[in-house]
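To start, the structure itself, in structure tokens.
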Amino acid sequence: MSALLLVALALVDAALSGFRASGGRNGRIRRRAADLRAARRGLLPGVPVLATSAAVALAVLGAADDRGARYAELDAAAWRMLAVLLPYAGIVAVSMLCYLAGSFRVATFAILAGLGPLTMVRPLLVVGGVVAAGWGTSAGAAVAATAGSGILLVEPYVHRRWYRTPL
Amino acid sequence: MFGAGYESGQSSAGRAIRRVVHAEVVDGGRDSTLTTSCRTATNSGGEEVGRRVREHAAYRAPVSPLEVSDLIVDHHPGSLDRVPVARADVVATLRAAGQSRGARIAARLPVLDGGLLDPAYVDRRLVAVHTELQRLSEELRIPERLAHLLGPLLTAVRSAEDAPDRIRVVDIGCGLGHVVRWLAAHEVLGPDVEVVGADVHAALVAEATRLADDEGLPCRFTRANAFRLDETAPGTIPTPGAAVRAATVYISTGLLHHFRGPDLDTFFAAQATPDTVAFCHYDIAATRIAPFGAWLFHRARMRDPLGRHDGVASARRAHDDTTLLHAARAARPLVPLIHEPTTRSNPLCTTLRPVLGIRPDLVGPLRAALGKEARRLQGVAG
Ligand SMILES: C[S@@+](CC[C@H](N)C(=O)[O-])C[C@H]1O[C@@H](n2cnc3c(N)ncnc32)[C@H](O)[C@@H]1O
């Protein structure tokens, strides 16, 4: 369950990272297709990041003498990471809902008090999640650090790969 | 951008053209304006100017920061020909104003022979910065906000006895024309309304045109000097100056803070043409949190250091409501009004608010068309 939640969070984050990477590069007005393409481009590196993290998890699991205990250790680490990331994701979701469904005044509020600052603190949150997950467990730390650093690299990668200059 | 302005706009007409940079300074506790001739049309004298700025700045602290993008592009006010800009002048001006970060950004811009900024590079960079800027305008839903007010404004215009058959809305300082293209794409103003974007900078006008053509939008773009709307400017379409001159309604977003002192009055005065029934200029609300908000938002959403620098500078340059209302009186007989005055709106919900001007006989119809929103209107008397 914890792993599924983290995978879901990571995929949504990767898609949004792709979208953000394309931001400020396409001046057209009707951009739905381009925005969806950007989100898909975020998933492209997002999936290998997840696969690598899963591979690290399997490796530390395989290397353990007591696999049951190691599994429980990793599961506990995943929940600690979720304890940091889920509230953040919840606030982002509410802000996005207000932004998309509200009037332009509500939308402005959602951007200024919500989505803008939330984007700024996202790297800190990811680092916080990694630290929480890795607290007292080197196995958990290895998996969380792989996933965390990978997810932070999605946006710069997509930006460099596809959105260096205005389209 | 650009709009640190020409020397009092039209007042320099017919004389040698000088671009001036206004750096507000505190002088004995009172604000005064240090007017510095930054460069001439031939770009001579730049060194001397840089020295003069430094001398003044040595004993006066700047209170209103300069925008790098205002300094790196220059045009002849009449012909709109590009005037070469020396990088050393820009760097010296920014240093003299105490803006070392801005000076470092300028110092990294590439130059051609003779230390002149490479205009092709500057154009590319500013197009990129404006594309990032459009993202902010999209997120803050600026075009939608403007359309929300422009709708009732045009209803009032149509109610006039002498209402024109076709209404022309001209966006001055349109940049990449995001507002114009949005209005054209969403067709919110009605079939009798033509939308035109005007900007002094050829590269931005060309990019706006390219983007509009790419999407087949019913709008067009032209070059014009905001201070000389009554003149025919050479440009990209036939008699573009005429198109700008015949505006029924002038609009703008994010332009007013570029103009200060007499330039601001001249800007408004230029819109008091016989054809003009109203104007609606949105600019950054000068709230306490505006500079911090601008820093945070530009940091989160823009990548180019030049755009980030200018974004914060523009929030610090924002005019308060009173200044705008008083300056807008220069467009007499149009009656100046502020919608969503800073003192009466939530700064987290209103980042840009407009100063309006409307023919006296249409103030009543405007209030009627606005309905409950009319509560948010404020005139000179409050
Ligand atoms: C901050 S940008 C705003 C662009 C656009 N309106 C927006 O909201 O994104 C200011 C624009 O005003 C233009 N500008 C500055 N001074 C001008 C003048 N005297 N006449 C016409 N355009 C001017 C600049 O070239 C620039 O594109």
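Each chain gets a letter, A, B and so on, in the order the sequences are listed, and its residues count up from 1.
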Can you pull every donor-acceptor pair closer than 3.5 Å across chain B and chain A?
| unit_1 | atom_1 | unit_2 | atom_2 | d |
| --- | --- | --- | --- | --- |
| E132(B) | OE2 | R25(A) | NH1 | 3.2 |
| Q134(B) | NE2 | G27(A) | O | 2.7 |
| E138(B) | O | Y99(A) | OH | 3.4 |
| E138(B) | OE1 | R31(A) | NH2 | 2.9 |
| E138(B) | OE2 | R31(A) | NH1 | 2.8 |
| E139(B) | O | Y99(A) | OH | 3.1 |
| R141(B) | NH1 | G102(A) | O | 3.3 |
| R141(B) | NH2 | Y99(A) | O | 2.2 |
| R145(B) | NH2 | T108(A) | OG1 | 3.1 |
| R181(B) | NH1 | G27(A) | O | 2.8 |
| R181(B) | NH2 | G27(A) | O | 3.2 |
| R210(B) | NH2 | L167(A) | O | 3.1 |
| D214(B) | OD2 | R28(A) | NE | 2.4 |
| D214(B) | OD2 | R28(A) | NH2 | 3.3 |
| E215(B) | OE1 | I29(A) | N | 2.7 |
| E215(B) | OE2 | I29(A) | N | 3.4 |
| E215(B) | OE2 | R30(A) | N | 2.8 |
| R301(B) | NH1 | T119(A) | OG1 | 2.9 |
| R303(B) | NH1 | G23(A) | O | 3.1 |
| R303(B) | NH2 | R20(A) | O | 3.1 |
| R303(B) | NH2 | A21(A) | O | 3.4 |
| E340(B) | OE1 | R105(A) | NE | 3.1 |
| E340(B) | OE2 | R105(A) | NH2 | 3.4 |
| L348(B) | O | F109(A) | N | 3.3 |
| E373(B) | OE1 | R105(A) | NH2 | 3.4 |

dist L112(A):CG -> L140(B):CG (nearest 0.5 Å) comes out at 6.0 Å

When every non-hydrogen atom of F109(A) is compared with those of C349(B), the smallest separation belongs to CB-SG, 4.0 Å

Heavy atoms of A300(B) and G116(A) approach each other most closely as CB-O, 3.7 Å

Sorted by chain and residue number, the side-chain hydrogen bond (donor to acceptor under 3.5 Å, both in side chains) partners of D118(B) (sequence neighbours excluded) come out as none

Non-hydrogen atoms of chain A under 4.5 Å away: do they reach the side chain of [X], the backbone, both or neither?
X       : result
L176(B) : neither
P143(B) : neither
I142(B) : neither

The interface call for L115(A) against chain B, heavy-atom contacts under 4.5 Å, is both

